[in-house]
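Counting starts at 1 for both ligands and their atoms, following the listed order. Every value quoted in this text rests on a predicted model; they were computed, and no experiment measured them.
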Amino acid sequence: MTEEEEKDGEVPEEHSLESLGKLPGVGSTTLSKLKDAGYTTLQAVAVVTPEELSVDAGVPITTAQKIISAARQALNITFKTALELKQERMNTRKITTSSKNLDELLGGGIETRMLTEVFGEYGSGKTQICHQLSVNVQLPEDKGGLRGKAVYIDTEGTFRWERIEAMAKGLGLDPDEIMSNIYWIRAINSNHQMEVVGKLFEFVNEEYIRLVIVDSVTSHFRAEYPGRENLAARQQKLNKHLHQLVRLAEVYNIAVVITNQVMSRPDVFYGDPTQAVGGHVMYHAPGVRVQLKRSRGNKRIARIVDAPHLPEGETVFAITEWGIRDPD
Ligand code: GTP
Ligand code: MG
């Protein structure tokens with residue numbers, strides 16, 4: 001993919017699924033099966049596992065492998081040179097949080113092409129930050145936005161349009177316009193949550209989506225796989241979901257923000273072993289982890305946890321009527 005194409009975030013004509021049909025090993029029958037299963041872009045095919053594609057397209061795993069590698073080749077998802085990596089890095093954009101302190105801590109804001117996990121105790125501001133980012137991604141570049149739209153995957157039913165309205169007003173933006181560029185969906189269980197993300201591989205292209213939120217990423221998984229005995233199965237499925245999200249961020253150079261509620265006193269929550277081991281879910285996935293803690297009044301403390309490219313540190317921000325700000 002050239003730099004120009006990356007900038008637009010649009011899939012050029014030759015990357016449409018039709019071009020898969022021209023590749024060796026993909027006949028018209030397979031092509032129509034792929035279409036029926038909802039794969040309409042090469043990207044959608046390139047990021048699934050052979051096992052998934054095998055089920056979705058009703059083809060043997062070996063055929064699925066061939067199709068996926070054909071798609072990856074067509075998209076140039078193969079080796080990259082160090083120079084290309086540098087160029088990608090320079091293409092990374094940032095979304096402001098509306099708090100200078102928080103932006104500084106994050107090295108300028110929430111990054112694209114990457115997963116950001118915001119974790120912390122209840123009331124620490126995870127959902128408020130997600131709301132703020134859904135507004136801020138729409139700002140022009142010189143104001144810290146990407147002129148893009150947001151997708152808000154809500155698993156706990158805590159999205160409030162009233163907060164979006166207030167935050168838009170707080171920035172002097174037209175609330176109705178801002179609200180019309182945030183696509184909200186309630187994920188009803190973990191399977192649905194994963195299905196929605198799968199669909200985003202097409203939707204992100206159709207609309208100019210530059211931010212995807214999953215608030216919270218863990219609640220359904222915790223409810224459906226309770227206790228120590230289900231931990232392995234839960235983590236395996238969650239890892240698959242995280243992987244999906246990482247790919248989404250990388251393929252489209254967009255920001256993906258996930259939240260995760262973590263108790264501040266793991267010792268009193270020994271029933272849940274992921275709490276006891278202390279925190280974030282992205283043990284293996286690349287990305288940035290931000291831990292939030294409640295402080296006095298409307299103040300909150302944010303801390304960066306093991307981000308390879310960011311210095312460790314912490315800062316204070318505030319949750320106000322108009323959204324996230326620096327404290328007075
Ligand atoms: P859980 O989802 O329960 O884990 O918490 P969370 O980390 O998502 O917390 P959330 O972002 O919902 O923060 C809730 C806090 O934000 C509240 O305790 C309030 O302090 C603040 N807050 C929420 N709405 C408003 C509002 O309309 N005005 C003001 N001033 N503060 C608000
Ligand atoms: Mg919340």
Residue pairs, two or more places apart or on separate chains, that pass side-chain hydrogen bond (donor to acceptor under 3.5 Å, both in side chains) and touch residues 153-165: Gln128-Arg163, Asp154-Trp184, Thr155-Ser219
Ion pair check, Glu250 and Arg113, cut-off under 4.0 Å: no
Pair Asn136, Thr96: side-chain N/O donor-acceptor within cut-off below 3.5 Å: no
Around the Mg ion (ligand 2), number of protein N/O/S atoms which are nearer than 2.8 Å: 1
Side-chain donor-acceptor pair present, Tyr122, Gln261, cut-off under 3.5 Å: no
Ser98-Gln132 side chain donor-acceptor pair, cut-off 3.5 Å: yes
Provide, line by line, the atom pairs where ligand 1 and the protein bring an N/O atom each to a distance under 3.5 Å; else say none.
| from | atom 1 | to | atom 2 | distance (Å) |
| --- | --- | --- | --- | --- |
| ligand 1 | 4 (O) | Lys126 | NZ | 2.7 |
| ligand 1 | 4 (O) | Gln261 | NE2 | 2.9 |
| ligand 1 | 5 (O) | Gly123 | N | 2.8 |
| ligand 1 | 7 (O) | Ser124 | N | 3.2 |
| ligand 1 | 7 (O) | Ser124 | OG | 3.3 |
| ligand 1 | 7 (O) | Gly125 | N | 3.1 |
| ligand 1 | 7 (O) | Lys126 | N | 2.9 |
| ligand 1 | 7 (O) | Lys126 | NZ | 2.8 |
| ligand 1 | 8 (O) | Thr127 | N | 2.9 |
| ligand 1 | 8 (O) | Thr127 | OG1 | 2.8 |
| ligand 1 | 9 (O) | Gly123 | N | 3.4 |
| ligand 1 | 9 (O) | Gly125 | N | 3.4 |
| ligand 1 | 11 (O) | Lys126 | N | 3.4 |
| ligand 1 | 11 (O) | Thr127 | N | 3.0 |
| ligand 1 | 11 (O) | Gln128 | N | 2.8 |
| ligand 1 | 20 (O) | Arg300 | NH2 | 3.2 |
| ligand 1 | 27 (O) | Arg163 | NH1 | 3.0 |
| ligand 1 | 30 (N) | Glu321 | N | 3.3 |

Side-chain donor-acceptor pair present, Thr112, Lys94, cut-off under 3.5 Å: no
Residue pair Thr49 / Glu52, side-chain donor-acceptor N/O under 3.5 Å: yes
Asp328 atom CG, neighbour heavy-atom count above 12 within 6.0 Å: no
Set of side-chain hydrogen bond (donor to acceptor under 3.5 Å, both in side chains) partners for Glu141, sequence neighbours left out: Arg147
